[in-house]
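Below: one structure, written as structure tokens.
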Amino acid sequence: MTALCAQESIYNLLPRVEEKPIKLPRYISTFRASVKHEIEENRAPWKTMGPPKIEVPSPKNFLQKHSKEPKLPHRKRDEGRKRLLTIPSVPHVTDHPLMGIQSKKNFINTNAADVIMGVAKKPQPICVDTRQGHKYLLETSGLVPKYINKKDYGLTPKYVIKRSEEVKRAQEEYDAYVKETLRQKAMKRLSDEERESLLQGLKKNWEEVHHEFQGLSVDIDTLPKKIRKQRLEAQMKQLEHDISIIEKHKIIYIANK
């Protein structure tokens with residue numbers, strides 16, 4: 001019933017003015033000009049799609065059969081003629097070879113004279129190690145004292161001496177570096193004057209922090225006040241600890257970093 005009353009109202013008979021929705025202004029970025037300028041600078045006409053204009057091949061230059069096969073260079077006519085001139089000609093049927101040529105040299109006497117007058121070859125020393133007569137050269141067998149007769153036998157090679165000197169030099173440099181490092185990290189004793197000046201400086205710092213702590217407000221109700229109070233208390237506690245340690249120990253050593 002209430003829904004019907006709401007729909008059937010006398011006010012619905014009155015003409016209504018259509019209210020157009022207010023359209024908000026379009027959003028324009030403040031960087032629009034700079035972005036547009038950057039895009040125009042980096043733009044290229046064929047960056048992704050290839051060059052815009054390509055020369056179209058002529059229909060006369062179509063692909064022909066065997067056009068891509070390698071071709072031999074053109075043979076000249078004079079080359080075959082020169083080759084024929086260099087080859088000896090075939091003997092004629094009427095040509096006869098020279099017959100009856102004999103040598104008067106006595107090869108037997110010549111060979112005997114060469115053997116008699118020649119220097120005899122020294123036999124190579126060999127070694128036999130089996131009953132069947134297996135033999136091998138004695139020079140390359142290692143049984144002959146060959147290397148002990150050299151001039152530099154038993155002497156240290158130069159490259160070994162050079163390498164030993166380099167290793168020794170490197171060891172000396174390393175030892176020097178270790179000594180210098182240990183010397184720098186050695187403990188240093190604090191003198192009485194330095195100890196007294198350090199103690200007075202710590203006490204002076206404690207007094208300054210204590211004076212600042214005394215100046216704090218009584219009512220600490222905010223977080224910055226609490227943090228400041230905690231920081232001053234921590235500084236005073238650390239200074240008191242350092243002062244007690246220095247007053248307790250008369251001899252103090254400091255390690256060099």
Side-chain angles (χ1 to χ4, degrees), residues 3 6-7 9 11-79 159 162-186 188 198 201-202 204-205 208-209 211-213 215-217 219-239 241-242 254-257:
Q7 294 177 0
S9 178
Y11 293 102
N12 295 335
L13 299 175
L14 297 175
R16 294 184 180 182
V17 180
E18 295 182 359
E19 296 180 358
K20 296 182 179 180
I22 301 172
K23 189 176 182 180
L24 299 176
R26 184 180 180 184
Y27 172 75
I28 299 175
S29 176
T30 55
F31 304 100
R32 178 183 175 88
S34 60
V35 171
K36 188 175 181 181
H37 179 67
E38 185 177 356
I39 291 174
E40 289 178 356
E41 285 185 350
N42 297 332
R43 181 179 295 174
W46 55 83
K47 197 166 187 179
T48 57
M49 302 297 294
K53 294 182 180 180
I54 301 177
E55 185 179 356
V56 181
S58 175
K60 297 181 180 180
N61 300 331
F62 58 89
L63 184 63
Q64 298 180 0
K65 188 177 181 180
H66 305 293
S67 60
K68 292 189 176 182
E69 294 181 358
K71 297 181 180 180
L72 297 174
H74 183 68
R75 182 178 178 182
K76 297 181 181 180
R77 296 181 178 180
D78 297 338
E79 292 181 358
Y159 73 94
K162 184 178 179 181
R163 185 173 298 177
S164 301
E165 292 178 354
E166 292 177 356
V167 172
K168 185 177 179 181
R169 192 182 307 110
Q171 186 66 31
E172 291 176 354
E173 293 177 358
Y174 176 74
D175 294 342
Y177 168 74
V178 172
K179 290 180 180 178
E180 182 66 22
T181 306
L182 294 176
R183 187 185 66 79
Q184 292 178 0
K185 293 183 179 180
K188 178 184 177 183
L198 180 61
L202 291 174
K204 185 177 179 181
N205 293 340
E208 292 177 356
V209 176
H211 179 71
E212 187 178 355
F213 182 78
L216 294 175
S217 62
D219 189 9
I220 301 175
D221 53 351
T222 59
L223 183 60
K225 291 181 179 180
K226 292 180 181 180
I227 293 174
R228 187 182 180 189
K229 181 182 178 182
Q230 293 176 1
R231 179 173 57 82
L232 294 176
E233 288 178 350
Q235 291 180 1
M236 291 173 60
K237 188 176 181 180
Q238 183 64 35
L239 289 170
H241 178 70
D242 296 341
I254 300 176
N256 296 329
K257 294 183 180 180

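Counting non-hydrogen atoms of other residues, nucleotides and ligands closer than 6.0 Å to CD of Glu233 gives a total above 12. Counting heavy atoms of neighbouring residues, nucleotides and ligands inside a 6.0 Å radius, atom CZ of Arg231 exceeds 12 of them. The number of heavy-atom neighbours closer than 6.0 Å to NZ of Lys229, taken from other residues, nucleotides and ligands shown, is 12 or below. Other residues, nucleotides and ligands place no more than 12 heavy atoms under 6.0 Å from the CD1 atom of Ile22.
One distance of note links CG of Asp219 with NZ of Lys225; it measures 6.5 Å at 0.5 Å rounding. Here the CG-NZ distance, from Leu202 to Lys204, works out to 12.5 Å after rounding to the nearest 0.5 Å. Thr222 OG1 to Ile227 CD1: the interatomic distance, rounded to the nearest 0.5 Å, is 9.0 Å. Summarising the geometry, atom CD belonging to Glu212 is positioned 9.5 Å from atom CD belonging to Glu208; distances are rounded to the nearest 0.5 Å. Once rounded to the nearest 0.5 Å, the distance linking NE2 of His37 with CZ of Phe31 reads 15.5 Å.
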Stepwise side-chain contact (heavy atoms from CB on, under 4.5 Å) check, Ser164 with Val167: CA-CA 5 Å; Ser164 301; Val167 172; 5.8 Å; no
From CA spacing to verdict: salt bridge (charged side-chain N to carboxylate O under 4.0 Å, His left out), Asp175, Lys179: CA-CA 6 Å; Asp175 294 342; Lys179 290 180 180 178; over 6 Å; no
Steps toward side-chain contact (heavy atoms from CB on, under 4.5 Å) verdict (Phe62, Gln64): CA-CA 6 Å; Phe62 58 89; Gln64 298 180 0; 3.6 Å; yes
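For His241 and Gln238, the side-chain atoms include no donor-acceptor pair closer than 3.5 Å.
When every heavy atom of Ser67 is checked against every heavy atom of Leu63, the shortest pair comes out as OG-CD1, 3.4 Å. Residue Leu216 comes nearest to Leu232 through the heavy atom pair CD1-CD1, 4.0 Å, listed as atom of the first residue, atom of the second, then distance.
Residues Lys162 and Glu166 meet the side-chain proximity criterion, which asks for heavy atoms closer than 4.5 Å.
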